[in-house]
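Step one of this worksheet: look at the structure below.
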Protein chains: 2
Amino acid sequence: MDTDQVSGRWDAGKGACPTRQVLGRIGDTWTMLIITTLERDGTLRSGQLKSSIEGITQKMLTQTLRHLERDGVVRRDVVATVPVTVTYTLTPLGRSLGAAVATMRAWAYQHMDDIVAARNEYDARD
Amino acid sequence: MDTDQVSGRWDAGKGACPTRQVLGRIGDTWTMLIITTLERDGTLRSGQLKSSIEGITQKMLTQTLRHLERDGVVRRDVVATVPVTVTYTLTPLGRSLGAAVATMRAWAYQHMDDIVAARNEYDARD
DNA sequence: CCGCATCCTTAGAGATACTG
DNA sequence: CAGTATCTCTAAGGATGCGG
């Protein structure tokens with residue numbers, strides 16, 4: 001079993017504000033991508049998710065899905081076929097998160113060019 | 001000089017979609033907190049930021065600010081007093097990002113309880 | 001086909017001390 | 001006061017093989 005949890009960093013200070021834990025989870029590398037994919041495509045199987053998300057490994061996929069399931073954002077359904085079929089779907093909570101994530105994605109898409117331009121200018125200086 | 005950049009992971013696949021780079025930066029541990037703080041308090045000095053953000057180290061603060069400055073999200077102003085005074089302010093681009101981040105924060109705050117409940121239930125099972 | 005367990009590598013983050 | 005540089009070390013993440 002891995003001991004990562006939320007990596008303790010937040011709990012170090014006595015603040016331990018739960019908002020930070022949530023933000024931390026959202027900030028996770030793969031969370032946004034998984035949420036976005038599930039929101040776009042609805043219910044997906046593990047393998048479909050894996051091939052939809054460029055670069056994700058089996059381990060990270062499963063791990064992130066576990067976290068999201070634990071947080072009540074994703075529902076995991078197991079159908080006892082042979083071999084077993086496992087599907088993932090956003091819960092209502094997950095869909096509401098999906099909306100927020102969509103806002104972020106929209107921002108990113110919209111301002112991509114500005115950022116690239118800013119970077120070029122920054123790197124050109126000095 | 002640090003070689004982190006965007007940690008190369010995204011560029012591995014030939015996709016290299018710039019959106020991912022942006023998402024990656026946003027997902028960074030401290031980015032949201034710095035943006036939020038600057039949005040709330042306006043212009044701040046390095047030290048003020050440091051003491052406003054529980055748990056951040058000098059190193060991470062500077063590093064993240066550099067990234068944000070490079071992306072055109074934060075403006076860095078140096079006043080040649082003795083000792084030197086350095087202030088940070090959100091650019092217009094930064095403020096627009098601040099709005100998106102606020103959405104995320106709001107979501108987190110709003111659904112904190114649901115998430116904690118889901119976790120408890122999840123941990124109780126099995 | 002799904003995902004768990006193990007090993008291994010390295011980047012990221014802390015602590016500390018030094019320069020302008 | 002702001003920032004950089006160095007050293008260390010943890011733990012996130014990739015690769016692989018097994019088991020249901």
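What you see below is based on every heavy atom in this structure, not just the backbone, and it leaves out hydrogens, waters and symmetry mates. Chain identifiers are assigned alphabetically (A, B, ...) following the order of the sequence lines, protein sequences preceding nucleic acid strands; residue numbering begins at 1 within each chain.
Every residue two or more places apart in sequence or in another chain that forms a side chain to side chain donor-acceptor pair (under 3.5 Å) with A/Asp77 is listed here: A/Arg75. Contacts of B/Thr87 classified as side chain to side chain donor-acceptor pair (under 3.5 Å), with partners at least two apart in sequence or in another chain: none. Every residue meeting the salt bridge (Lys or Arg N to Asp or Glu O under 4.0 Å) condition with A/Glu69, not counting sequence neighbours, appears here in chain and number order: A/Arg66. For A/Glu121, the salt bridge (Lys or Arg N to Asp or Glu O under 4.0 Å) partners at least two apart in sequence or on another chain are A/Arg125. Scored by the side chain to side chain donor-acceptor pair (under 3.5 Å) test, B/Thr81 finds B/Thr85 as partners (sequence neighbours excluded).
One can place NE2 of A/His67 at 11 Å from P of C/dC4, the figure rounded to the nearest angstrom. Rounded to a whole Å, the CD1 atom of B/Ile53 is 13 Å from the P atom of C/dG14. One atom, CG of A/Leu33, and another, C1' of D/dG13, lie 16 Å apart when rounded to the nearest Å. Going from atom CE of B/Met60 over to atom P of C/dG12 covers 9 Å, rounded to whole Å. For the pair A/Gln63 CD and D/dA12 P, the interatomic distance rounds to 8 Å; values are reported in whole Å. Rounding to whole angstrom units, CD of residue A/Gln48 and P of C/dG3 are separated by 12 Å. Residue A/Trp30 contributes atom CH2, which lies 6 Å from atom P of D/dG14 at whole-angstrom precision.
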Ignoring hydrogens and angles, write down the donor-acceptor pairs under 3.5 Å from the side chains of residues 94-101 of chain B, residues two or more places apart or on other chains.
{"residue": "B/Arg95", "atom": "NH1", "partner": "B/Leu90", "partner atom": "O", "Å": "3.4"}
{"residue": "B/Ser96", "atom": "OG", "partner": "A/Trp107", "partner atom": "NE1", "Å": "2.8"}
{"residue": "B/Ser96", "atom": "OG", "partner": "B/Leu93", "partner atom": "O", "Å": "2.9"}

Donor-acceptor contacts under 3.5 Å from residues 33-45 of chain A side chains, at least two apart:
{"residue": "A/Thr36", "atom": "OG1", "partner": "A/Met32", "partner atom": "O", "Å": "2.6"}
{"residue": "A/Thr37", "atom": "OG1", "partner": "A/Leu33", "partner atom": "O", "Å": "2.7"}
{"residue": "A/Thr43", "atom": "OG1", "partner": "A/Thr89", "partner atom": "OG1", "Å": "3.0"}

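Annotation: proximity of residues 34-44 of chain A to DNA chain D (heavy atom, distance under 4.0 Å) is found for no residue.
In this structure, of D/dG20, D/dG3, D/dC1, it is D/dC1 that holds the atom nearest to the side chain of B/Arg45. In the set D/dG20, C/dA15, C/dC4, the nucleotide with an atom closest to the side chain of B/Thr57 is C/dA15.
Judged by distance alone with a 3.5 Å cut-off, a donor-acceptor contact links the side chain of B/Gln58 to the base of D/dG3.
Within the 4.5 Å cutoff, the side chain of B/Asp28 has no heavy atoms near those of the B/His67 side chain.
Between A/Lys59 and A/Arg76, the one whose closest nucleotide on DNA chain C sits nearer the 5' end is A/Arg76.
End-to-end axis angle of the helix from C/dC1-D/dG20 to C/dG20-D/dC1, using five pairs per end and rounding to 10°, comes to 40°.
Looking at B/Asp71, its side chain never comes within 3.5 Å of a backbone N or O of B/Val73 through a donor-acceptor pair.
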